[in-house]
Amino acid sequence: MRNLFKITILVFLNSIIFVNGLLADSSVSTTSKEADTRKSELFMIADVKLGKEASDLTLSKVESAMALAGSLTERFHLVPFSMRDSIAQTIVDQNKAPTAAAIAEKLNVNKILFLNINRVENMLRVDISAVDADDFDEKTEGTGYALLHFIKEKDEQVLYDPSLLAAVQRAVAVCLKDSMMYASLDGKFNVIPAPTLIIGGIDFQDDEELYIWDLYSRMAVASYDMLETIFETAKDCRDFVIYDIATRDTIYKLFKLYFAENYRAPSKFEMEILGKFQVDYYITGTLKRVKEGAELELGLYKIKDEKLYPVRFEKGILKEDDIYKLRELTSSLTEQLLKL
């Protein structure tokens, strides 16, 4: 099942109009009292590096996302690329090197930004390094993630805009050490820095002394359905950026783990892979056959040093051998587990 939802160009254009309308509305508030009194700064992007899978992302979209991230709170404004490049050409005409420092000095900017943008399947990652224009030894960094949700129906191209903005906002908030920068904004603009989370296998534990359920006879299908249910229930959770199952499987394939047994407990190798990708949290659980039916327990774990550390658990009883009932229970426990 693909987790990118097709939208029409008309919907896309309407969304752009909606965003522009919000920006024109003077009622858009700042995110913190401190931000109200802080003087707006001038930032300049010196370089943008795009990973192989994000090579179809245009620099103009990156520029727009950064500019919008600044104007949403008036915390900073971005030097347009055209102005930056014009100043660079002026410096070249003077037979001087158009370094980032030289351009920044001409424009009197406060911070020089370096962006690195990567994508794995449907997950976008933005890394920002900000250097103080007056003191190059003063440097801060921030990382932000966002899941890509949409593709254009006409040409099957990924629609980066909303996810890129969210990832940039999260990276900026970390970089500027203000996690609540965007916390008071409305709708999709209301984002906070959030850890990443991957959904793992559900360990199916049968009991040979009990009548076998169809769910256990079709563990591969039932377990995958449960993982998709957890994702669909949790995908809009504000406190986590959640990998979809397709992206998780793509990550595994990069390390030659071609088939994830979703009906088994997570393996050590799986934890090693997720550790390399700096995944923060993990959901797994058990579906244990009992006399009353089957007991489902879901757990939220912190990944640290390639090991799982429990955070909290939720459990419930499935009384019928019915995949639809299993979906209902799985969704309910996911809401409780993530406090949705």
Side-chain angles (χ1 to χ4, degrees), residues 1 3 120-121 123 196-235 240 242-277 279-318 320-334 336-338:
M1 180 185 296
N3 293 302
V120 178
E121 193 73 17
M123 183 61 77
T196 53
L197 183 152
I198 269 186
I199 304 163
I202 306 297
D203 189 17
F204 275 54
Q205 300 176 3
D206 201 0
D207 187 334
E208 295 180 356
E209 295 183 0
L210 298 174
Y211 179 76
I212 188 168
W213 274 13
D214 185 54
L215 289 171
Y216 286 83
S217 298
R218 300 187 301 130
M219 292 187 294
V221 173
S223 60
Y224 185 83
D225 190 89
M226 293 176 72
L227 268 58
E228 285 286 357
T229 298
I230 293 171
F231 172 75
E232 289 297 328
T233 303
K235 64 183 180 181
F240 297 96
I242 302 175
Y243 283 82
D244 61 5
I245 309 306
T247 303
R248 184 206 67 173
D249 290 347
T250 295
I251 291 173
Y252 289 166
K253 289 175 184 176
L254 293 175
F255 292 87
K256 303 187 185 305
L257 178 58
Y258 295 106
F259 181 73
E261 295 179 309
N262 295 316
Y263 47 85
R264 297 191 186 278
S267 67
K268 181 179 179 181
F269 183 43
E270 188 178 347
M271 292 302 102
E272 291 174 358
I273 295 172
L274 300 185
K276 288 179 173 63
F277 266 78
V279 177
D280 300 298
Y281 287 87
Y282 191 87
I283 288 180
T284 183
T286 59
L287 185 67
K288 183 178 180 181
R289 190 78 162 87
V290 294
K291 290 181 179 180
E292 297 84 0
E295 180 184 75
L296 173 60
E297 179 178 85
L298 296 183
L300 175 66
Y301 294 81
K302 172 72 176 175
I303 301 176
K304 184 177 180 181
D305 300 325
E306 299 178 357
K307 296 180 180 178
L308 293 177
Y309 293 86
V311 177
R312 55 180 174 266
F313 302 90
E314 295 294 341
K315 64 173 61 177
I317 295 294
L318 178 68
E320 299 178 44
D321 182 15
D322 186 317
I323 195 167
Y324 297 102
K325 295 293 183 181
L326 180 58
R327 284 179 193 168
E328 292 177 6
L329 179 59
T330 302
S331 180
S332 176
L333 293 182
T334 300
Q336 296 173 47
L337 187 68
L338 299 181

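Counting from 1, the numbers follow the sequence of the chain as shown.
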I'd like to check the ring-ring contact (aromatic ring centres under 6.0 Å, His included) partners of [X]; sequence neighbours left out, ordered by chain and number.
| X | answer |
| --- | --- |
| F204 | Y216 |
| F277 | none |
| F313 | Y301 |

Practice task
Take atom NZ of K302 as the centre, draw a 6.0 Å sphere, and report whether it contains more than 12 heavy atoms from other residues, nucleotides or ligands.
Solution key: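 Above 12, so yes.
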
Exercise for the section: May I ask you to check whether Y224 and E228 show a side-chain donor-acceptor distance below 3.5 Å? Expected result: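 A pair is found: one side chain offers a donor N or O, the other an acceptor, under 3.5 Å apart.
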
Handout entry: Donor-acceptor pair, side chain of D305 and main chain of K307, under 3.5 angstrom
Key =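 Absent.
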
Handout entry: Sidechain-backbone polar pair: D321 side chain, L215 backbone, donor-acceptor under 3.5 Å
Key =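 Yes; judged by distance alone, with no hydrogens or angles, the pair exists.
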
Kindly write out the residues that satisfy side-chain hydrogen bond (donor to acceptor under 3.5 Å, both in side chains) with [X], not counting sequence neighbours, or none if the list is empty.
| X | answer |
| --- | --- |
| T286 | none |
| E121 | T250 |
| T233 | S331 |
| T229 | none |

Exercise for the section: Can you tell me which residue pairs pass the salt bridge (Lys or Arg N to Asp or Glu O under 4.0 Å) test with a partner in residues 247-256, sequence neighbours excluded? Expected result: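 Listed once each, the pairs would be none.
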
Exercise for the section: Determine which pairs satisfy salt bridge (Lys or Arg N to Asp or Glu O under 4.0 Å) with at least one residue from residues 284-293, sequence neighbours left out, and list them in order. Expected result: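 Salt bridge (Lys or Arg N to Asp or Glu O under 4.0 Å) check on residues 284-293 returns no pairs.
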
Can you tell me how far apart [atom1] ([X]) and [atom2] ([Y]) are? Round to the nearest 0.5 Å.
| X | Y | atom1 | atom2 | value |
| --- | --- | --- | --- | --- |
| S267 | I273 | OG | CD1 | 7.0 Å |
| E232 | I242 | CD | CD1 | 10.5 Å |
| T284 | E297 | OG1 | CD | 10.0 Å |
| E272 | F255 | CD | CZ | 10.0 Å |
| I198 | I251 | CD1 | CD1 | 4.5 Å |
| D225 | Y324 | CG | OH | 9.0 Å |

Closest heavy-atom contact between [X] and [Y]?
| X | Y | value |
| --- | --- | --- |
| I199 | Y243 | CD1-O, 4.5 Å |
| L257 | F269 | CB-CE2, 4.1 Å |
| A234 | T334 | CB-CG2, 4.1 Å |
| Y282 | G201 | OH-N, 3.6 Å |
| E320 | L318 | O-CG, 3.3 Å |
| E270 | P266 | OE1-CA, 3.5 Å |

Under 4.5 Å between any side-chain heavy atoms of [X] and [Y], yes or no?
| X | Y | result |
| --- | --- | --- |
| L338 | I283 | yes |
| L300 | F240 | yes |
| L227 | I202 | yes |
| L337 | I230 | no |
| I303 | L308 | yes |
| M226 | L296 | yes |
| L210 | V290 | no |

Handout entry: Pair K235 + D244, salt bridge at N-O below 4.0 Å
Key =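 No.
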
For [X], what residues pass the side chain to side chain contact (heavy atoms under 4.5 Å, CB included) criterion, not counting sequence neighbours?
| X | result |
| --- | --- |
| R264 | E261 |
| S332 | Q336 |
| V221 | R218 |

